[in-house]
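Each remark here refers to the structure printed beneath this line.
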Protein chains: 2
Amino acid sequence: MDGASASEVSRDMEAAPRDGRRTILDAAARILRHNGYKATTLRDIAAAVGIKAGSIYYHFASKDAIVAAVMNDGVERVQEGVSRALSGLPATAGPAERLEAAIAAHLHALLEYSDYTSAGLKAFTDAPEAVRTAARPVRKRYEAVWDGIVADLVAARLVPDDVPAETLALAILGMMNWSPEWYRADRHAIDRLARDFAAIVLRRPAG
Amino acid sequence: MDGASASEVSRDMEAAPRDGRRTILDAAARILRHNGYKATTLRDIAAAVGIKAGSIYYHFASKDAIVAAVMNDGVERVQEGVSRALSGLPATAGPAERLEAAIAAHLHALLEYSDYTSAGLKAFTDAPEAVRTAARPVRKRYEAVWDGIVADLVAARLVPDDVPAETLALAILGMMNWSPEWYRADRHAIDRLARDFAAIVLRRPAG
DNA sequence: CCTACCGATCGGTAGG
DNA sequence: CCTACCGATCGGTAGG
């Protein structure tokens, strides 16, 4: 009732008064991306942030809570990137252009922008079932974006009509999500890869 | 000089005089496939085989030696499966049929036959650099098989000619190697998937 | 192939 | 957010 305490004030005046949670998640994403679920320790994360391991629990309830948060943020970042790319397209853009733009956005998020995105991919398989379960709804929502893109392609007859739409979507996601295994920034241009992946899938309309 | 010892004889007469190394590798492959590198412990492997953890070192020098052996066996099994499928094709088979047969063989090895193959994929990313380095030559040799398949497709103009052969090969490997993430034996038919993946990549000749 | 064990490390907690 | 610590577990080794 007598105003802010000294510690609250000094916290406000720190050079980088960033959210402690976000700082921890940033470090966790970076380490998870490179080491995977099991090899990422709370001590690694704490050291990267400049605090002690036990202090992590001041911000998060468990390691798995951190991993789940990173994974969900990761998927949401790709999804935002893809949505932004799609809505930035001119109204005249057809399904083929939308496909290429979506692939480019996904690859940029996965290979460049976001530790969160690649951490999510890498840690997902190792993570305990509880973490995977927590992450599944967000993933499903993102996959629905691709189902929509592919459905438009099918309707416009821009893809082989004897391949089920579901298989098509999974094939596209496979090409993209496998790319961290071989992508080298000094040897590949992401926009070129996006164009190539789109070209592999697309057919010119038979009209 | 005085003949086989009792223990040698009794070993010969055991019900399953299998190579101890192979038994351990089989168990390791199965556990690695499900748990990945870090979460697979020597104690798990030993328990699955019915021996004690320390006894593993009677057969292998280290955990990493086991993992490296599983990974290399895995790649070699896919490669053998693909080679067998290709050489089983009639001489009249063209590059398109060879592609579909190779995809089918790869998917069968990855999704059905071999714990080794999927263990190799799953453990490769987590494994320490030393293990990855040891596994790389075998992988390169297998990728060369795909480079050959794709080169034949390019020469026969059965694939989009504005996509580099290297990208095409990586896209195909991506579709296939991502499939363990979504494949469900009760919902997908492997040969159908192989046909669909081939159809995505193939163009009818413009002749 | 076993017993017995080491040193290191981990996620997490108590009590400030 | 820290110190100090726990119980569990891990890869690996000594010496049979």
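Here is the naming used below: chain letters follow the sequence lines, and residue numbers restart at 1 for every chain.
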Checklist outcome for this item: Testing C:dC1, C:dG12, D:dG12 for proximity to the side chain of A:S62, the answer is C:dG12

Checklist entry - To the side chain of B:H59, which of D:dC10, C:dG12, C:dC1 is closest? => result C:dC1

Checklist outcome for this item: For C:dG11, the nucleotide meeting Watson-Crick or G-U wobble distances (both under 3.5 Å) is D:dC6

Checklist entry - Could you state the CG-C1' distance from B:L42 to C:dA8, rounded to the nearest angstrom? => result 15 Å

Checklist entry - Can you tell me how far P of D:dC10 sits from CD1 of B:I56, to the nearest Å? => result 13 Å

Item to check | Candidate nucleotides C:dC5, C:dC1, D:dC1, ranked by approach to the side chain of B:R43 - the nearest | outcome: C:dC5

Item to check | Side chain to side chain, A:V159 and A:R203, heavy atoms closer than 4.5 Å | outcome: no

Checklist entry - Given the rule in the salt bridge (charged side-chain N to carboxylate O under 4.0 Å, His left out) test, do A:D186 and A:R184 qualify, once you have shown the distances and angles that lead to the verdict? => result CA-CA 5 Å; A:D186 55 339; A:R184 291 275 305 273; 3.2 Å; yes

Next on the checklist: Rounded to whole Å, how long is the line connecting atom NZ of B:K52 with atom P of C:dC2?
Outcome noted: 7 Å

Using residues 140-150 of chain B as the side-chain source, report each donor-acceptor pair under 3.5 Å to any protein atom, sequence neighbours left out, with the distance given to one decimal.
residue: B:Y142; atom: OH; partner: B:H106; partner atom: ND1; Å: 2.5
residue: B:Y142; atom: OH; partner: B:W146; partner atom: NE1; Å: 2.9

Checklist outcome for this item: On DNA chain C, more 5' by nearest nucleotide between A:D44 and A:S55 is A:D44

Checklist entry - Rounding to a whole Å, what distance do you find between A:I45:CD1 and C:dC10:P? => result 11 Å

Checklist entry - Would a 4.5 Å heavy-atom cut-off, applied to side chains only, mark B:L99 and B:I103 as touching? => result yes

Checklist entry - Just to confirm, is there a sub-4.0 Å distance from OP1 or OP2 of C:dG11 to any side-chain nitrogen or oxygen of A:K63? => result yes

Item to check | Between D:dC10 (P) and A:K38 (NZ): distance, integer Å | outcome: 7 Å

Checklist entry - For D:dG16, what is the paired nucleotide under Watson-Crick or G-U wobble rules, both distances under 3.5 Å? => result C:dC1

Checklist outcome for this item: Of the candidates D:dG12, C:dT3, C:dG12, the side chain of B:Y57 sits closest to D:dG12

Item to check | Rounded distance in Å - CZ (A:F60) to P (D:dC1) | outcome: 11 Å

Checklist entry - Using a distance-only test with no angle check, is there a side-chain donor-acceptor pair under 3.5 angstrom linking A:Q79 and A:S83? => result no

Next on the checklist: I need the OH-P distance between A:Y58 and C:dG15, as an integer number of Å.
Outcome noted: 19 Å

